[in-house]
Number of protein chains: 2
Amino acid sequence: MSSKFIDNPLNCPVTRTISIIGGKWKPIILNCIGDRTIRFGKLNQIIPSISNKVLSSELRELEQYGLIHRIEFTEMPPRVEYSLTNAGKSLLPLLLELANWGNTHTAKKIIKEFT
Amino acid sequence: MSSKFIDNPLNCPVTRTISIIGGKWKPIILNCIGDRTIRFGKLNQIIPSISNKVLSSELRELEQYGLIHRIEFTEMPPRVEYSLTNAGKSLLPLLLELANWGNTHTAKKIIKEFT
DNA sequence: TAATTTGGTTACCTTTTGGTTACTTGTATT
DNA sequence: AATACAAGTAACCAAAAGGTAACCAAATTA
């Protein structure tokens with residue numbers, strides 16, 4: 001395989017979704033952006049355990065996929081604002097389900113037991 | 001951090017969910033099990049690009065989390081059947097959203113472009 | 001007698017992911 | 001004159017994830 005996508009991604013919708021937003025950080029980043037416009041530094045502050053190297057590369061990848069906008073202001077010090085595109089916004093119901101399940105007793109119990 | 005879970009998992013529901021079922025294979029496996037009882041070999045056949053080493057370790061992890069049942073029959077050749085627990089079944093709406101988004105034009109276009 | 005079947009495990013290796021530290025840039029502040 | 005700011009990037013390294021190939025058990029089939 002020559003791409004990061006899983007084999008046969010055309011045949012399974014779950015596989016397609018995981019190929020695009022799977023991974024440790026992408027859903028968290030998308031959810032943190034949500035409906036607002038947010039700067040790089042603010043994201044870094046809301047998700048403190050991500051390094052800025054990884055945050056920046058994940059943002060670039062999401063931008064390539066057309067899921068987020070990146071607007072760079074030519075100011076000094078620099079300012080860059082991120083927001084969801086319409087394609088990115090179409091993920092919000094999914095992110096909501098992700099959050100809903102994370103709020104269940106089941107999820108909290110698993111985290112408690114295995115942390 | 002001493003576990004595989006992301007920092008501050010107690011504070012963010014999306015982070016909790018990703019800590020539990022994030023990764024390349026878990027959602028795909030859970031979705032393939034779905035409402036049925038399914039044998040190891042059948043899963044391997046439905047998800048051909050996963051190695052049986054990884055399939056087996058993912059299944060063991062999901063079992064530890066209490067998301068799947070594993071019933072081993074003492075037969076030869078062996079037979080092992082997997083199914084979702086009630087906790088695992090509580091993920092079905094989320095898996096459905098995952099599949100729904102994977103069926104959108106947006107998802108298909110991204111896969112097409114980047115494969 | 002030898003191959004087949006099923007559900008794995010083990011050892012080994014490669015790839016991917018993620019983290020750390022230092023550095024940059026131009027303006028404003030101390 | 002030195003420092004801080006924001007948003008990164010580059011070089012480097014460690015850890016985790018994932019893949020491959022070989023192997024096992026005991027009964028059945030050819």
Side-chain angles (χ1 to χ4, degrees), chain A residues 1-9 15 18-29 32-33 37-64 68-83 114-115, chain B residues 1-9 15 18-29 32-33 37-64 68-83 114-115:
Chain A
M1 210 182 7
S2 63
S3 88
K4 66 152 240 173
F5 294 136
I6 305 170
D7 273 359
N8 281 337
T15 303
I18 294 301
S19 288
I20 296 168
I21 60 151
K24 192 171 171 180
W25 296 114
K26 291 205 187 67
I28 297 168
I29 292 168
C32 282
I33 298 178
T37 291
I38 191 168
R39 295 177 63 175
F40 184 90
K42 184 77 179 170
L43 273 172
N44 220 336
Q45 173 187 332
I46 294 176
I47 317 170
S49 55
I50 193 174
S51 66
N52 55 355
K53 189 198 92 173
V54 172
L55 177 55
S56 124
S57 64
E58 296 289 76
L59 286 168
R60 257 184 285 114
E61 203 174 331
L62 292 170
E63 192 199 359
Q64 280 179 12
I68 61 176
H69 289 300
R70 178 182 184 280
I71 301 176
E72 193 176 348
F73 296 83
T74 53
E75 297 174 1
M76 200 56 64
R79 177 157 61 106
V80 181
E81 293 186 345
Y82 294 94
S83 57
F114 288 89
T115 302
Chain B
M1 204 179 15
S2 63
S3 86
K4 66 152 238 172
F5 294 137
I6 305 170
D7 274 357
N8 281 335
T15 303
I18 294 301
S19 287
I20 296 168
I21 60 151
K24 192 171 171 180
W25 295 115
K26 291 204 187 69
I28 297 168
I29 292 169
C32 282
I33 299 177
T37 290
I38 191 168
R39 295 177 63 175
F40 184 90
K42 184 76 178 170
L43 274 172
N44 219 337
Q45 173 188 333
I46 295 176
I47 316 170
S49 55
I50 193 174
S51 66
N52 56 356
K53 189 199 91 172
V54 172
L55 177 55
S56 123
S57 64
E58 297 290 76
L59 285 168
R60 258 183 285 115
E61 204 175 330
L62 292 170
E63 193 199 358
Q64 280 179 13
I68 62 176
H69 289 301
R70 178 182 185 280
I71 301 175
E72 192 176 348
F73 296 82
T74 53
E75 298 175 2
M76 201 55 64
R79 177 158 61 107
V80 181
E81 293 185 344
Y82 295 94
S83 57
F114 289 89
T115 303

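Order of the sequence lines fixes the chain letters, A, B, ..., with proteins taken first and strands second; residue numbering starts at 1 for each chain. All of these numbers come straight from a predicted model, not from anything done at the bench.
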What nucleotide among [options] has an atom nearest to a side-chain atom of [X]?
X: A/Arg79; options: D/dT9, D/dA7, C/dG7; value: D/dA7
X: B/Phe40; options: C/dG7, C/dG19, D/dG8; value: C/dG7
X: B/Lys24; options: C/dT9, D/dG19, C/dG19; value: D/dG19

Plane angle bin for B/Phe40 and B/Tyr82 - parallel if under 30°, tilted between 30 and 60°, otherwise perpendicular: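 Because their plane-to-plane angle lies in the 30° to 60° range, the rings of B/Tyr82 and B/Phe40 count as tilted.
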Can you tell me the distance, in whole Å, between the [atom1] atom of [X] and the [atom2] atom of [N]?
X: A/Ile18; N: D/dA17; atom1: CD1; atom2: P; value: 15 Å
X: A/Asn44; N: C/dG18; atom1: CG; atom2: C1'; value: 14 Å
X: B/Ile38; N: C/dG7; atom1: CD1; atom2: P; value: 11 Å
X: B/Phe73; N: D/dA26; atom1: CZ; atom2: C1'; value: 18 Å
X: A/Trp25; N: D/dA17; atom1: CH2; atom2: C1'; value: 16 Å
X: B/Arg60; N: D/dG18; atom1: CZ; atom2: C1'; value: 14 Å
X: A/Gln45; N: D/dA6; atom1: CD; atom2: C1'; value: 13 Å
X: A/Leu43; N: D/dA6; atom1: CG; atom2: P; value: 14 Å

At less than 4.0 Å, is any side-chain N or O atom of [X] found next to OP1 or OP2 of [N]? Yes or no.
X: A/Arg70; N: D/dG8; result: yes
X: B/Ser56; N: C/dT9; result: yes
X: A/Arg39; N: D/dA7; result: yes
X: B/Tyr82; N: C/dG8; result: yes

Tell me, do [X] and [Y] make a side-chain contact under 4.5 Å, heavy atoms counted?
X: B/Cys32; Y: B/Trp25; value: no
X: A/Met76; Y: A/Pro78; value: yes
X: B/Leu59; Y: B/Leu43; value: yes

Return the [atom1] to [atom2] distance between [X] and [Y], rounded to the nearest 0.5 Å.
X: B/Ile38; Y: B/Asn44; atom1: CD1; atom2: CG; answer: 10.5 Å
X: B/Ser83; Y: B/Arg70; atom1: OG; atom2: CZ; answer: 12.0 Å
X: A/Glu63; Y: A/His69; atom1: CD; atom2: NE2; answer: 10.0 Å
X: B/Ile47; Y: B/Gln45; atom1: CD1; atom2: CD; answer: 11.0 Å
X: A/Leu55; Y: A/Ile50; atom1: CG; atom2: CD1; answer: 4.5 Å

Position toward the 5' end of DNA chain C (nearest nucleotide), A/Ser51 or B/Val80: B/Val80
Overall bend - the helix from C/dT1-D/dA30 to C/dT30-D/dA1, comparing terminal axes fitted on five pairs, nearest 10 degrees: 20°
With sequence neighbours excluded, residues passing side-chain contact (heavy atoms from CB on, under 4.5 Å) with B/Ser57: B/Arg60
Nucleotides 21-30 of chain C: protein proximity per nucleotide (B base, S sugar-phosphate only, - neither; heavy atom, under 4.0 Å): ----BB----
